[in-house]
Amino acid sequence: MKRFQCACGAHLFFDNVSCLSCGREVGWCPGCQNMTALEPLPEGGYRCGHADCGAILLKCRNYAEEGVCNRMVPVGADQAAPALCDCCRYNAVIPDLSIDGHRQRWAELEAAKRRLFYTLDLLGLPRGGEAEGFEPPLSFSFMADALPDAGLWRGTGKGEKVYTGHAEGHITINIKETDAVERERLRTDLNESHRTLIGHFRHEIGHYYWEVLVRGRDEARCRPVFGDHDHPSYAEALERYYEQGAPADWRSNFISAYATMHPWEDFAETFAFYLDIASVQDTALHFGLGGGGYTDNLDDMLRSFSWVGLVVNEINRDMGLIDLVPEIITPAIRNKLDYLHALVRGGRQRAAR
Ligand SMILES: [Zn+2]
Ligand SMILES: [Zn+2]
Ligand SMILES: [Zn+2]
Ligand SMILES: [Zn+2]
């Protein structure tokens with residue numbers, strides 16, 4: 001994450017809606033790609049507070065009306081109603097806001113999604129929706145399990161359980177993942193080193209980029225690295241994984257136990273880890289912890305990531321927190337990251353064209 005500054009000189013955080021020091025309203029300016037102080041204009045709307053930008057902006061509809069976003073949109077020619085920003089416009093389904101607590105949960109999901117998009121933009125990865133004719137169009141649904149009818153002890157039918165997952169560009173996240181207690185319970189049950197909202201987004205977007213960058217384009221090169229995604233079938237692999245679990249020595253070849261399930265899960269898990277590395281590198285650069293940020297040279301990034309990981313792990317242990325970077329990058333995992341790095345750099349060129 002970059003460093004952002006308010007007009008008063010105070011540090012602005014990526015999630016702020018006002019400056020903690022001077023109280024000015026703030027938001028994300030798409031013009032200069034910055035968090036910025038908002039100067040209200042007499043005729044309505046705002047001016048970006050960065051002198052060298054000065055873009056005229058409106059709040060995203062989900063900022064102005066729902067309080068779950070902090071992004072701005074450029075003022076367009078025919079803006080009768082406030083538009084949705086470049087993150088919110090990908091939403092297909094939002095949580096039922098008539099239910100207590102759902103707005104707060106939605107806000108947490110949007111915050112994680114904005115952080116995901118920041119990293120995708122940093123990497124220059126292509127993305128798009130139905131309106132741009134993008135294949136497959138990217139969209140998100142944030143949904144809760146349907147509650148069983150009052151007084152019944154059992155489920156009341158199909159469709160009552162929401163599975164977090166990806167299908168043809170559509171990413172569904174069960175909003176119970178915003179519940180820190182539930183998440184920690186699942187993390188320990190499933191023996192995961194981390195379980196976070198941003199991690200879910202990074203994993204599911206990995207499936208999405210398999211569709212966009214690998215399917216029908218790069219499968220022949222992907223297969224030797226991640227394995228044959230057609231054999232066994234996903235359904236067979238899933239069944240086998242839930243029966244037998246991961247092989248005992250999974251750490252030498254896989255970034256997580258779940259990655260052993262099927263080549264697609266391996267791809268998504270490793271992709272999520274690749275995004276972890278890119279974000280940590282970006283923050284390390286901007287906050288003076290060393291390294292060259294997100295660059296062409298994978299080995300430089302991995303060296304610097306390992307160093308930051310070592311330091312922050314020790315600091316976390318000082319504070320009694322879990323390790324920031326529990327993963328060990330073995331040669332097999334480096335090989336997968338190398339494939340992803342080349343794929344992403346290629347995808348970036350495609351986006352530029
Ligand atoms: Zn300020
Ligand atoms: Zn600006
Ligand atoms: Zn928005
Ligand atoms: Zn998955």
Side-chain angles (χ1 to χ4, degrees), residues 2 4-7 12 14-15 17 25-39 41 45-75 81-91 94 106-107 109-118 129 140 142 163-168 170-174 177 190 192 195 199-211 226 229 234-235 237-238 241-242 254-273 275:
K2 284 197 283 190
F4 307 110
Q5 221 179 24
C6 179
L12 288 181
F14 188 61
D15 297 321
V17 288
E25 283 192 291
V26 303
W28 174 266
C29 171
C32 58
Q33 302 279 301
N34 258 314
M35 285 299 297
T36 183
L38 302 174
E39 292 171 21
L41 298 170
Y46 302 85
R47 188 193 310 275
C48 170
H50 286 288
D52 47 355
C53 174
I56 307 298
L57 306 163
L58 291 174
K59 286 180 176 175
C60 163
R61 189 163 78 227
N62 284 347
Y63 186 177
E65 294 174 10
E66 305 290 352
V68 299
C69 181
N70 69 348
R71 291 210 161 200
M72 307 300 290
V73 292
V75 173
L84 291 172
C85 73
D86 57 349
C87 286
C88 291
R89 69 196 174 91
Y90 292 97
N91 289 349
I94 60 160
W106 181 26
L109 287 159
E110 291 298 342
K113 174 147 69 73
R114 286 194 297 277
R115 207 165 270 268
L116 169 75
F117 279 19
Y118 172 90
F140 292 86
F142 303 138
Y163 291 97
T164 292
H166 166 270
E168 288 158 31
H170 188 78
I171 290 172
T172 302
I173 310 249
N174 188 320
E177 292 290 346
L190 300 172
E192 297 170 339
R195 191 178 182 94
H200 283 301
F201 279 95
R202 287 182 180 148
H203 173 99
E204 300 308 337
I205 208 80
H207 288 305
Y208 172 71
Y209 283 114
W210 195 93
E211 293 292 331
F226 287 94
H229 44 268
Y234 189 83
L238 184 69
Y241 182 73
Y242 283 111
F254 296 90
I255 201 65
S256 70
Y258 188 61
T260 65
M261 197 263 265
H262 184 272
W264 284 337
E265 296 307 336
D266 191 13
F267 185 94
E269 286 286 273
T270 314
F271 194 89
F273 183 56
L275 295 186

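Hydrogens, waters and symmetry mates play no part in the numbers below; they use all other heavy atoms, side chains included. Start at 1 and go down the list; that is how both ligands and their atoms are numbered. As the structure is a computational prediction, the values presented were derived from the model and not from experiment.
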Worksheet item: Is the backbone of Cys29 close enough, under 3.5 Å, to the side chain of His50 for a donor and an acceptor to pair up by distance?
Response: no

Discussion item. Nearest 0.5 Å, please: how far is CD in Glu177 from CZ in Phe142?
Written reply: 12.5 Å

Worksheet entry | Test item: Thr36 side-chain N/O and Gly49 main-chain N/O as donor-acceptor pair under 3.5 Å | yes

Discussion item. Checking the side chain of Lys2 only, and the main-chain atoms of Gln33 only, is there a donor and an acceptor separated by less than 3.5 Å?
Written reply: yes

Worksheet item: For the Zn ion (ligand 4), what is the closest N, O or S atom on Glu265?
Response: OE1

Worksheet item: Quick one: does Glu204's side chain have a donor or acceptor within less than 3.5 Å of a partner on His166's backbone?
Response: yes

Fill in: Heavy-atom closest contact (Ile205 atom, Phe271 atom, distance)
CG2-CE2, 3.9 Å

Worksheet item: So which protein N/O/S atoms does the Zn ion (ligand 3) have within less than 2.8 Å?
Response: Cys60 SG, Cys69 SG, Cys85 SG, Cys88 SG

Practice prompt. Kindly give the heavy-atom pair with the smallest separation between Phe226 and Thr270, and that separation in Å.
Written response: CE2-OG1, 3.8 Å

Worksheet item: Using a distance threshold of 2.8 Å, what protein N/O/S atoms lie below it relative to the Zn ion (ligand 2)?
Response: Cys29 SG, Cys32 SG, Cys48 SG, Cys53 SG

Item to complete: Tell me which N, O or S atom of His207 sits nearest to the Zn ion (ligand 4).
Response: NE2

Practice prompt. Could you tell me which N, O or S atom of His203 is nearest to the Zn ion (ligand 4)?
Written response: NE2

Worksheet item: Distance only, no hydrogens: is a donor on one side chain within 3.5 Å (strictly under) of an acceptor on the other, for Lys113 and Asn91?
Response: yes

Acceptor/donor pairs from residues 82-89 side chains to any protein atom, 3.5 angstrom cut, sequence neighbours excluded:
from: Asp86; atom 1: OD1; to: Arg71; atom 2: NH1; distance (Å): 3.0
from: Asp86; atom 1: OD2; to: Arg71; atom 2: NH1; distance (Å): 3.4
from: Arg89; atom 1: NH1; to: Glu132; atom 2: OE2; distance (Å): 3.0
from: Arg89; atom 1: NH2; to: Glu132; atom 2: OE2; distance (Å): 3.3

Atom pairs and distances, side-chain donor-acceptor, residues 254-262, under 3.5 Å, sequence neighbours left out:
from: Ser256; atom 1: OG; to: Ala259; atom 2: N; distance (Å): 3.2
from: Ser256; atom 1: OG; to: Glu269; atom 2: OE1; distance (Å): 2.5
from: Thr260; atom 1: OG1; to: Ala257; atom 2: O; distance (Å): 2.6
from: His262; atom 1: ND1; to: Trp264; atom 2: N; distance (Å): 3.0
from: His262; atom 1: NE2; to: His229; atom 2: O; distance (Å): 3.1
from: His262; atom 1: NE2; to: Pro232; atom 2: O; distance (Å): 3.4

Worksheet item: Going by atom types only, do His207 and Glu265 share a side-chain donor-acceptor pair under 3.5 Å?
Response: yes

